[in-house]
**Q** 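First the structure, then my questions, so here it is.
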Number of protein chains: 2
Amino acid sequence: MFTHAEENYLKAIFHLEQELQGEVSTNAIAEQMETKPSSVTDMVQKLADKELLSYKKYKGAILTAAGRKTAADVIRKHRLWEVFLVDKLNFHWDEVHAIAEQLEHIQSEELIERLDRFLGSPDFDPHGDPIPDQHGNIKRTEKKLLSELDKGKRGVCVGVKESSSDFLQYLDRKKITIGTKIHVLGKEFFDGSMMLQVGKDQFFISKKTAENLFVQIQES
Amino acid sequence: MFTHAEENYLKAIFHLEQELQGEVSTNAIAEQMETKPSSVTDMVQKLADKELLSYKKYKGAILTAAGRKTAADVIRKHRLWEVFLVDKLNFHWDEVHAIAEQLEHIQSEELIERLDRFLGSPDFDPHGDPIPDQHGNIKRTEKKLLSELDKGKRGVCVGVKESSSDFLQYLDRKKITIGTKIHVLGKEFFDGSMMLQVGKDQFFISKKTAENLFVQIQES
DNA sequence: AAATATTTTTAGTCTTAGCTAAAAATAAAA
DNA sequence: TTTTATTTTTAGCTAAGACTAAAAATATTT
């Protein structure tokens, strides 16, 4: 349907639109794509011809509904493949991006729907980012840092903020991974450390740890 | 490392070399690749510059060791992904080729070795073709039709010859799939039908069925 | 062996997607 | 409001990989 380059541009513009809340400048796209502004102008004009975005010279670009859907599909594929790599092939959360960048361009509706089912239709990727559904809808979610939860609250681990190898290995030892339910048993004011319940285990974590774990809040 | 186009040429030439037992003509490659001979000449010259094959004008091409290794790697990836699609995502044997054609170009040693382990290091793809190992070695194997086995012999199902949807569904019902062990209990001369033992079940199959199933012979 | 047919290569063109350098438009500063 | 700075676009080039048409080499007939 679309070339890899086209898909990459749409994805970049999609992300920038969210970040900037509006139309995206040529320079912004060039920076995101690590390419030159002149190349961006060419591509943006091509995508405008294909009605994937609307564009007025010197005014920047915004995706059309079609462009947004296409971008969401690519992001859906990227994030589903990341889940596959982590859950099934035991990659670490920080090793999967470059591979998913390639896999996201594989063309097959059937494949991606089967992959989704195989993975148990996950809502989040290993970095805690939400996975768009078949229609391109993204569950805009309250992704919070664990450190923002108060005593007594429950959350599901949906990702990490910084993902150093050391930190990920620490989480492995504590048996914390995507989907792990975390119950905040207590929170110390003076140093921000927390007492957690994870499965049957209870243990302390430092403020630093709590500030690097994303959770989705569980209604309770 | 190499472009998709380069990898596709190497793969095509690899297959043709085996089939023709020697150097491969420009026209043969063009036919296999569904492209024009002039395009082939260009690419073959480029691949010769990169020392992936040796080529003398008007004389055809043969892969170098490096070229053969690269081709085997692509074929390894293709066939491992086919196993994934059939074993894990429940695709049918005849639906997977086009998708594997895309997946075979994903670049990541780590990915493919993890995928291999995840799939249980299979020796054959869903069509019964052998999967090259990490070093590019292919288990040249005695792939025979089930109909060629005599009474008392044992084989492992490694693929199908014709793969109509009806036939594949018939095999599903009989619980025959890749890796299934088949014991020939009896064989009728007059119609070529066979009595088989598959797991705990025993049943008859027609000559037509036996002529469309590939097996690898088990030493016994 | 000469004529004809086939195969292969060369030469030149196209598209995609990048680049540089220069021109044009817009934005910011004096 | 000019001048200067920044951003964006245009124009023209490059490489990969396809194509067509024509030329050259090899094979096959007669």
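Reminder, nothing fancy here: chain letters follow the sequence lines and each chain counts from 1. Excluded from the calculations below are hydrogen atoms, water molecules and symmetry mates; all remaining heavy atoms, backbone and side chain alike, are included.
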**Q** Is the shortest side-chain N to carboxylate O distance from A/Asp129 to A/Lys143 below 4.0 Å?
**A** yes

**Q** What integer distance in Å separates B/Asp42:CG from D/dT20:P?
**A** 13 Å

**Q** Assess whether salt bridge (charged side-chain N to carboxylate O under 4.0 Å, His left out) is satisfied between B/Lys77 and B/Asp73, documenting all intermediate values.
**A** CA-CA 6 Å; B/Lys77 288 191 276 181; B/Asp73 283 346; over 6 Å; no

**Q** How many whole angstroms separate atom CD of B/Glu6 from atom P of D/dA18?
**A** 10 Å

**Q** Please report the distance, rounded to the nearest Å, between CD in A/Gln45 and P in D/dA11.
**A** 10 Å

**Q** Could you tell me how far apart A/Met43 (CE) and D/dT9 (P) are, to the nearest whole angstrom?
**A** 15 Å

**Q** Tell me the interatomic distance from B/Lys36, atom NZ, to C/dT9, atom P, rounded to whole angstroms.
**A** 16 Å

**Q** Could you work out, with side-chain hydrogen bond (donor to acceptor under 3.5 Å, both in side chains) as the rule, every residue matching A/Ser193, not counting sequence neighbours?
**A** A/Asp191

**Q** Does a salt bridge link B/Glu162 with B/Lys208, judged by any charged N lying under 4.0 Å from a carboxylate O?
**A** no

**Q** How does protein reach along nucleotides 21-27 of chain D, written 5' to 3' as B (base within reach of a heavy atom under 4.0 Å), S (only sugar-phosphate), or - (no contact)?
**A** ----SS-

**Q** Report the residues that fulfil ring-ring contact (aromatic ring centres under 6.0 Å, His included) with B/Tyr9, sequence neighbours left out, ordered by chain and then residue number.
**A** none

**Q** Looking at C/dT8, I'd like to know if its phosphate oxygens (OP1 or OP2) sit under 4.0 Å from a side-chain N or O belonging to B/Thr41.
**A** no

**Q** How would you list all residue pairs meeting ring-ring contact (aromatic ring centres under 6.0 Å, His included) that involve residues 100-134 of chain B, not counting sequence neighbours?
**A** B/His4-B/His105

**Q** How close or far is atom P of C/dT15 from atom CZ of A/Phe2, stated in whole angstroms?
**A** 20 Å

**Q** I want to check one thing: is the phosphate of C/dG18, taken as OP1 and OP2, less than 4.0 Å away from some side-chain N or O of A/Thr35?
**A** no

**Q** Using a strict threshold of under 4.0 Å (side-chain N to carboxylate O), is an ion pair present between A/Lys187 and A/Glu148?
**A** no

**Q** Is it the case that atom NZ in B/Lys88 sees more than 12 heavy atoms from other parts of the structure closer than 6.0 Å?
**A** yes

**Q** For residues 15-32 of chain B, pull every pair meeting side-chain hydrogen bond (donor to acceptor under 3.5 Å, both in side chains), keeping only residues two or more places apart or in separate chains.
**A** B/Glu17-B/Arg68

**Q** Hey, can you pull the residues of residues 21-34 of chain B with a non-hydrogen atom under 4.0 angstrom from DNA chain C?
**A** B/Ser25, B/Thr26, B/Asn27

